[in-house]
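The sequence lines fix the lettering, A, B, ..., with proteins before strands; numbering per chain opens at 1. Note that this is a predicted model, so its numbers are computed, not measured.
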Amino acid sequence: MKLSRSYYLHGDVVCLARDLLGKTLYTRIDGNLTGGIITETEAYRGIGDRASHAWNGSRTARNEVMYAAGGVAYVFLCYGVHYLFNVVTNNRNIPDAILIRGLIPTTGEKIMADRWGKEIKPGEAIYGPGRVSRLLSILPGHNGISLTGDTIWIEQGRTDNRKMSIKASSRIGVDYAGEDANLPYRFTCIPG
DNA sequence: CTGTAGATCGTCT
DNA sequence: GACGATCTACAGA
């Protein structure tokens, strides 16, 4: 069951980042269906969050899609090498987003292994936002597309995340954000 | 196991 | 012109 558009309009991005754990992210790119259970996320909270591209109201061609209504993809190039995939949330003109940092492949594992160039063991968790987008073949061309369409979407899945062990911790690679780097906006889980 | 250098380019100042 | 919401390979202990 696909998450509906209204799901992404929720006003608390930190709450949503936590809620996404245990759900399944799918992509269908060039006819290849791949997907996995989300195990790690980070919330980026609007214009007041120094770690966010939208900090201090910054609004440019790159981050424009963060200002769209929730339920679309935000994809950007990081370090000139990796594409990072975010879920845009909240209402129009409120630039909240959730970075997907890790998942456990459950669909199309062989396709993902080919894209990665490495073997993926059954049940093995993949950590790292750059790897996630590479395995799912998410590219800049997907920036701004709807998450309720047939290319990238998220399903509720079977996992009840109230029964998972969920941890909150500080976000990765955002030392430039000063005190905001210490906010507990990173969520990890061990499905069980 | 830990540490670190290099890759590589769009974006913002 | 500087710098990333990173990953990998490789060196050393």
Atom CZ of A:Arg45 to atom P of C:dA5: distance rounded to whole Å?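 Taking CZ of A:Arg45 and P of C:dA5, I get 20 Å after rounding.
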
Can you measure A:Asp180 atom CG to C:dA5 atom C1' for me and round it to whole angstrom units?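 In whole Å, C:dA5 C1' and A:Asp180 CG are 13 Å from each other.
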
What I'd like to find out is whether the side chain of A:Ile100 reaches to under 4.5 Å of the side chain of A:Thr41, using heavy atoms alone.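 Yes, at least one pair of side-chain atoms sits under 4.5 Å.
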
Can you find a pair of side-chain heavy atoms, one from A:Met164 and one from A:Thr39, that are under 4.5 Å apart?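 No. Closest side-chain heavy atoms not under 4.5 Å.
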
Strand-adjacent residues in residues 89-100 of chain A, judged by heavy atoms under 4.0 Å from DNA chain C: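 The stretch gives A:Leu99 as the residues lying under 4.0 Å from the strand, ordered by number.
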
Is there a side-chain contact (heavy atoms from CB on, under 4.5 Å) between A:Ile145 and A:Ile152 once you walk through the steps? CA-CA 8 Å; A:Ile145 70 166; A:Ile152 304 175; 3.9 Å; yes

Atom pairs, N/O to N/O, protein against nucleotides 1-4 of chain C, distance under 3.5 Å?
| from | atom 1 | to | atom 2 | distance (Å) |
| --- | --- | --- | --- | --- |
| C:dG4 | N2 | A:Gly80 | N | 3.4 |

Using residues 24-33 of chain A as the side-chain source, report each donor-acceptor pair under 3.5 Å to any protein atom, sequence neighbours left out, with the distance given to one decimal.
| from | atom 1 | to | atom 2 | distance (Å) |
| --- | --- | --- | --- | --- |
| A:Thr27 | OG1 | A:Thr34 | OG1 | 2.9 |
| A:Thr27 | OG1 | A:Leu136 | O | 3.0 |

Would you tabulate the nitrogen or oxygen pairs shorter than 3.5 Å linking the protein to nucleotides 7-11 of chain C?
| from | atom 1 | to | atom 2 | distance (Å) |
| --- | --- | --- | --- | --- |
| C:dC7 | OP1 | A:Gly128 | O | 3.3 |
| C:dC7 | OP1 | A:Pro129 | N | 3.1 |
| C:dC7 | OP1 | A:Gly130 | N | 2.9 |
| C:dC7 | OP1 | A:Arg131 | N | 3.4 |
| C:dC7 | O4' | A:His82 | NE2 | 3.1 |
| C:dT8 | OP1 | A:Trp116 | NE1 | 2.9 |
| C:dT8 | OP2 | A:Arg131 | NE | 2.7 |
| C:dT8 | OP2 | A:Arg131 | NH2 | 2.6 |

With sequence neighbours excluded, what pairs up with A:Lys110 under the salt bridge (Lys or Arg N to Asp or Glu O under 4.0 Å) test?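 If we apply the salt bridge (Lys or Arg N to Asp or Glu O under 4.0 Å) test to A:Lys110, skipping adjacent residues, the hits are A:Asp114.
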
Donor-acceptor contacts, no H, no angles, side chain residues 66-85 of chain A, under 3.5 Å, sequence neighbours left out:
| from | atom 1 | to | atom 2 | distance (Å) |
| --- | --- | --- | --- | --- |
| A:Tyr67 | OH | A:Gly57 | O | 3.4 |
| A:Tyr67 | OH | A:Ser58 | O | 2.7 |
| A:Tyr74 | OH | A:His53 | ND1 | 2.8 |

Check every strand shown and say whether A:Val81 touches a base, only sugar-phosphate, or nothing at a heavy-atom separation below 4.0 Å.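 The residue A:Val81 makes base contact.
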
Taking [X] for its side chain and [Y] for its backbone only, find out whether a donor-acceptor pair lies under 3.5 Å.
X       : Y        : value
A:Asn63 : A:Thr60  : yes
A:Lys2  : A:Gly149 : yes
A:Ser52 : A:Gly48  : no
A:His10 : A:Tyr7   : no

Dot-bracket for DNA chain B, 5' to 3', counting Watson-Crick or G-U wobble pairs under 3.5 Å, with [ ] for crossing pairs and | for inter-strand pairs? |||||||.||||.

Set of side chain to side chain contact (heavy atoms under 4.5 Å, CB included) partners for A:Arg171, sequence neighbours left out: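 Expected list: A:Glu42, A:Tyr44, A:Asp49, A:Ala51, A:Val174, A:Asp180, A:Leu183, A:Tyr185, A:Arg186.
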
Residues in side chain to side chain contact (heavy atoms under 4.5 Å, CB included) with A:Asn90, at least two apart?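 By the side chain to side chain contact (heavy atoms under 4.5 Å, CB included) rule, A:Asn90 matches A:Ile94, A:Asp96.
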
So which pairs with a foot in residues 109-140 of chain A pass ring pair (Phe, Tyr, Trp, His ring centres under 6.0 Å), sequence neighbours left out?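 Not a single pair qualifies under ring pair (Phe, Tyr, Trp, His ring centres under 6.0 Å).
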
Going 5' to 3' on DNA chain B, which nucleotide is the first and which the last to come under 4.0 Å of a heavy atom in chain A?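 Range of nucleotides touched by chain A: B:dA7 to B:dC12.
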
All side-chain hydrogen bond (donor to acceptor under 3.5 Å, both in side chains) counterparts of A:Glu155, not counting sequence neighbours: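 A:Glu155 satisfies side-chain hydrogen bond (donor to acceptor under 3.5 Å, both in side chains) with A:Trp153 only.
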
How many angstroms lie between CZ in A:Arg18 and CG in A:Asp12, if you round to the nearest 0.5 Å?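 If we round to the nearest 0.5 Å, A:Arg18:CZ and A:Asp12:CG are 11.5 Å apart.
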
